[in-house]
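Here's the structure, in structure tokens; my notes come after.
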Amino acid sequence: MTPSTPWASVIIPIKDERDNLSPLLASLLKVLDSHEHSRSRPFEIILVDDGSSDGSSEELDRLATLHPQVKVFHFDRNYGKTCALDAGFRRSSGEIIIQIDGDLQQDSEDILKLLPLTATHDLVCGWRQQRQDGIVKMISSRIANRVRNFFTHDGVHDTGCPLKVFRRPVLERIRLYEGMHRFFPALALMHGFTVTEVPVRHYPRIHGLSKYGMGNRLFKSLYDLIAVRWMMDRVLRYKLRDE
Ligand code: UDP
Ligand code: MG
């Protein structure tokens, strides 16, 4: 690590979020600029354009020319959120990695609540105690969380919360597969990392449309759970005698 290594990398998956991009970046830049670490070290904000077709791609390029901290990568088509996150993680170099959605449903200021806990925990998850989504999404998410907790015992209320802060080694250890971004706490615990959660605010989506619903999330997640449970049983854990 050198003084030019970013103290934090923010990773944002983007599919058709044109009108959210400018306000989102303004709030993130304000929050991160105000942080004491930014006095001595840089930070970076990485946006991965997952095949947007609403003008987000052009807007992202425009914003990147205005702010040197902003880096933009474009996929050649839509691959889904896990791919976008993975591409962002792999192109980041921050010591701390902050995951947030591009839909303005989270509050950038809540990052400041999560960050201090990285002193004691490897993964800090947001917990949307008062979710502002439609009734179907809220119910399906509650069922999924209950079932998941029964199988994984991760003890986290809201594993799907898009606001999370990781210490770098967590993401270096976890190999992602499609849909696995919904299981970060169980995957981190399985590798011996420490996990905690913090209540965060949540807002209704104002611009753009939600891309996930019952059909493409609830049933897929239940299927993915079998894979996660299997990995938990088979994970390699060993320690050298003198280590
Ligand atoms: N997203 C993405 N690729 C997709 C679908 C969504 O990168 O194929 C992004 C989207 O732009 C947003 C985040 O993933 O930043 C979460 O998507 P969305 O808000 O639609 O999901 P929800 O919050 O409704 O579950
Ligand atoms: Mg959303």
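All values derive from a computational prediction rather than experimental measurement. Indexing begins at 1, ligand by ligand and atom by atom, following the structure's order.
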Classify the ring geometry between F193 and H191 as parallel (under 30°), tilted (30 to 60°) or perpendicular (over 60°). perpendicular

Between R131 and S141, what is the shortest heavy-atom contact and its length? NH1-OG, 2.8 Å

Name the closest protein heavy atom to atom 18 (P) of ligand 1, giving the residue it belongs to and the distance to 0.1 Å. R205 NH2, 3.5 Å

Which of these, D49, D50, I100, I14, has its nearest heavy atom closest to atom 4 (C) of ligand 1? D50

Please indicate whether Y203 has more than 12 foreign heavy atoms, meaning atoms of other residues, nucleotides or ligands, lying under 6.0 Å from its OH. yes

What residue and atom, counting heavy atoms only, is the protein's closest point to atom 24 (O) of ligand 1, and at what distance? K137 NZ, 2.3 Å

Going by the 4.0 angstrom heavy-atom rule, the piece of D16 near ligand 1 is neither

Which protein atoms of type N, O or S are found under 2.8 Å from the Mg ion (ligand 2)? D103 OD2, Q105 OE1

Closest non-hydrogen protein atom to atom 1 (N) of ligand 1, residue and atom name please, with distance? K15 CB, 3.7 Å

Where is the nearest protein heavy atom to atom 8 (O) of ligand 1: which residue, which atom, and how far? N78 ND2, 3.1 Å

Closest non-hydrogen atom pair between C125 and L114, with its separation: C-CD2, 4.2 Å

Is any side-chain N of the basic residue among R91 and E44 closer than 4.0 Å to the acidic one's carboxylate O? no

Quick one: nearest non-hydrogen protein atom to atom 20 (O) of ligand 1, plus distance? K211 N, 2.7 Å

Distance filter under 4.0 Å to G80 heavy atoms, resulting ligand 1 atoms: 3 (N), 8 (O)

Can you tell me which residue and heavy atom of the protein come closest to atom 16 (C) of ligand 1, and the distance to 0.1 Å? D101 OD2, 3.2 Å

Mind checking whether M190 and L187 have side chains closer than 4.5 Å, heavy atoms only? yes

Residue portion contacting ligand 1 (non-hydrogen atoms closer than 4.0 Å) for E17: side chain

For R229, I'd like to know if atom CZ has over 12 heavy atoms of other residues, nucleotides or ligands within 6.0 Å. yes

How are the rings of W7 and H35 set relative to one another: parallel (under 30°), tilted (30 to 60°) or perpendicular (over 60°)? parallel

Between the side chains of R148 and T159, is a donor N or O closer than 3.5 angstrom to an acceptor N or O? yes

Give the residue, atom name and distance (to 0.1 Å) of the protein heavy atom nearest atom 9 (C) of ligand 1. P13 O, 3.6 Å

After noting the C-alpha distance and the side-chain angles of K211 and D16, does the key distance pass the salt bridge (Lys or Arg N to Asp or Glu O under 4.0 Å) rule? CA-CA 9 Å; K211 287 100 203 162; D16 298 345; 5.9 Å; no

A84-ligand 1 polar pair, N/O distance under 3.5 Å: no

Taking E36 first and then R39, would you say they form a salt bridge - that is, a charged N and a carboxylate O separated by under 4.0 Å? no

Indicate yes or no: at least one non-hydrogen side-chain atom of W127 is less than 4.5 angstrom from one of V156. no

for atom 23 (O) of ligand 1, nearest protein heavy atom and its distance come out as D103 OD2, 3.7 Å

